[in-house]
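Here the structure comes first, spelled out in structure tokens, and everything after it is commentary.
What you see below is based on every heavy atom in this structure, not just the backbone, and it leaves out hydrogens, waters and symmetry mates. Just so it is clear, the model here is predicted, and its values are computed rather than measured.
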Amino acid sequence: MSSPMAPAETPHPHVVRVVAGGFTADHQYATWREHGTEDWLLIHTVAGSGRVTGPSGEVITTAGDSILLRPGIRHDYGTAASSWTLAYAHFHARAEWAPLLDWPPSGGGVGVIRAPGEVRLRVLSGLRSCAGFSAGSMSQSELFAMNSLESALLWLDTQNPLRGRMDERLLRVVERIGADLAGDLSVSALAVEARLSPSRLSHLFAEGLGVSPQRYVERERLGRAAHLLASTDRAVSDIARDVGMSDPLYFSRRFSRLHGISPTGYRRRRS
């Protein structure tokens with residue numbers, strides 16, 4: 001009796017740094033590469049359902065699921081239902097990405113991270129930006145593409161159970177703080193952003209970041225101030241105002257307490 005024929009080998013992409021894209025496939029779509037590829041492959045399910053068969057079984061993906069296939073791992077994936085909308089990136093990893101590529105294996109033996117709603121949007125935005133740049137003709141297109149992919153990987157890392165998933169409401173607040181250090185970052189204002197009570201937000205901060213919202217905001221403000229002191233010659237009072245601490249004396253006291261040196265002394269030491 002003759003043995004079953006092996007599936008036809010799917011063409012391999014030519015990847016210098018990154019090749020990315022996305023499409024919607026019908027129920028007949030399938031990919032087979034017996035020995036995988038020399039690059040990493042990230043597949044993010046946008047809608048529908050996909051099937052990825054790993055070394056120890058099959059994984060069925062739904063919207064928000066991301067699959068990571070290492071170099072040299074067999075590629076055996078396709079549509080699991082009537083259609084599958086996916087975004088993907090074949091890439092050669094930067095050395096410093098090693099922690100971002102340490103994903104927990106699923107029951108099928110491939111890396112899987114499941115992202116909730118808002119994080120999912122950030123991941124998809126990064127992958128779509130990566131796809132746009134990877135197909136572009138600018139002189140630095142591939143580097144822009146790699147930066148966009150790094151953004152997607154960083155957002156996925158916030159949901160990596162190996163390091164502890166961060167609540168997406170907390171991520172929303174942290175993003176707000178970083179974007180507007182001079183704004184109203186009181187606990188009550190941040191609670192509105194998170195759609196939580198102030199007490200619940202404080203509990204999430206303590207649980208997820210180990211500090212209170214007030215302490216986190218101060219740490220971010222003083223960290224930004226330290227960068228501005230070291231990299232500009234702007235007046236200390238202006239820098240204090242830029243980071244949301246309009247009282248220069250109070251700013252100086254808090255800065256000295258955190259860094260062990262006055263703002264002026266810090267600038268001299270860094271110059």
Side-chain angles (χ1 to χ4, degrees), residues 42 44-46 59 61-68 96-107 110-127 148-228 240 242-246 250-251 253-260:
L42 173 63
H44 177 77
T45 296
V46 180
V59 178
T61 73
T62 56
D65 292 347
S66 293
I67 300 286
L68 185 65
E96 63 270 22
W97 287 3
L100 301 180
L101 303 175
D102 182 19
W103 287 26
S106 68
V110 297
V112 178
I113 289 181
R114 294 179 169 85
E118 292 199 19
V119 176
R120 183 185 312 174
L121 294 176
R122 302 293 198 280
V123 172
L124 185 55
S125 174
L127 288 174
S148 297
L149 175 58
E150 183 174 52
S151 173
L153 290 170
L154 285 166
W155 280 109
L156 284 166
D157 196 58
T158 68
Q159 303 303 305
N160 189 332
L162 296 179
R163 277 173 286 287
R165 293 187 179 94
M166 187 179 289
D167 189 292
E168 65 176 316
R169 295 166 296 183
L170 191 55
L171 283 169
R172 188 188 311 147
V173 172
V174 167
E175 192 174 20
R176 156 77 182 276
I177 292 168
D180 188 20
L181 282 175
D184 179 5
L185 300 179
S186 62
V187 177
S188 57
L190 295 176
V192 171
E193 181 78 21
R195 304 184 189 97
L196 295 169
S197 68
S199 61
R200 179 58 181 157
L201 178 63
S202 295
H203 176 77
L204 275 183
F205 258 83
E207 189 178 66
L209 296 172
V211 295
S212 67
Q214 302 98 313
R215 183 61 59 84
Y216 181 86
V217 168
E218 182 178 82
R219 191 173 66 192
E220 291 298 297
R221 282 172 165 164
L222 295 177
R224 180 76 60 81
H227 171 74
L228 292 172
D242 284 352
V243 299
M245 302 178 78
S246 56
Y250 176 76
F251 165 74
R253 284 203 308 267
R254 301 307 297 175
F255 188 95
S256 298
R257 182 168 181 171
L258 178 66
H259 293 286

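- Shown here for Ala191 and Ser197, the closest heavy-atom pair between the two residues is CB-C, 3.9 Å.
- The side chain to side chain contact (heavy atoms under 4.5 Å, CB included) test with Tyr216 singles out one residue from Val211, Leu190, Val173, Leu185, and that residue is Val211.
- Using a 4.5 Å heavy-atom threshold, the side chains of Arg120 and His44 count as touching.
- Closest of all the heavy-atom pairs between Val187 and Ser202 is CG1-OG, 4.0 Å.
- Side-chain contact check for Leu68 versus Val110: every heavy-atom pair is 4.5 Å or farther apart.
- Formation of a donor-acceptor pair under 3.5 Å by the Glu168 side chain with backbone atoms of Glu118 is found in this model.
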- Message: For a side chain to side chain contact (heavy atoms under 4.5 Å, CB included) check, start with the C-alpha distance between Met166 and Leu209, then their side-chain angles and the critical distance, and finish with the verdict.
- Response: CA-CA 9 Å; Met166 187 179 289; Leu209 296 172; 3.7 Å; yes
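- With contacts defined as side-chain heavy-atom distances shorter than 4.5 Å, the pair Ser66/Trp103 qualifies.
- For Arg224, the CZ atom is loosely surrounded, since the number of other residues' heavy atoms within 6.0 Å does not exceed 12.
- How far CD1 of Ile113 is from CG of Leu162: 7.5 Å, rounded to the nearest 0.5 Å.
- Taking the side chain as every heavy atom from C-beta outward, Leu156 and Asn160 never approach each other to under 4.5 Å.
- Atom CG of residue Asp167 and atom CZ of residue Phe205 lie 10.5 Å apart, to the nearest 0.5 angstrom.
- Rounding to the nearest 0.5 angstrom, the gap separating the CG atom in Leu222 from the CE atom in Met245 is 5.0 Å.
- Of the possible donor and acceptor atoms, one in the side chain of Arg172 sits under 3.5 Å from a partner among the backbone N and O of Glu193.
- By the 4.5 Å heavy-atom criterion applied to side chains, Thr62 and Arg114 are not counted as neighbours.
- The CG atom of Leu204 sits 6.5 Å away from the CG atom of Leu201 when rounded to the nearest 0.5 Å.
- Considering CG of Leu42 and CG of Leu153, their distance stands at 6.0 Å, rounded to 0.5 Å.
- For Arg215, the CZ atom is loosely surrounded, since the number of other residues' heavy atoms within 6.0 Å does not exceed 12.
- Of all heavy-atom pairs spanning Ser148 and Gly126, the tightest one is CB-O, 3.5 Å.
- Taking CD from Gln159 and CZ from Arg122, the interatomic distance works out to 12.0 Å, rounded to the nearest 0.5 Å.
- Minimum heavy-atom separation, Pro198 to Ser188: CG-CA, 4.4 Å.
- Under a 3.5 Å cut-off, the side chain of Arg169 and the backbone N or O of Ala194 do not form any donor-acceptor pair.
- Shortest non-hydrogen contact noted between Ser106 and Val59 is OG-CG2, 3.0 Å.
- Heavy-atom minimum distance, Arg163 versus Asp157: NH2-OD1, 2.6 Å.
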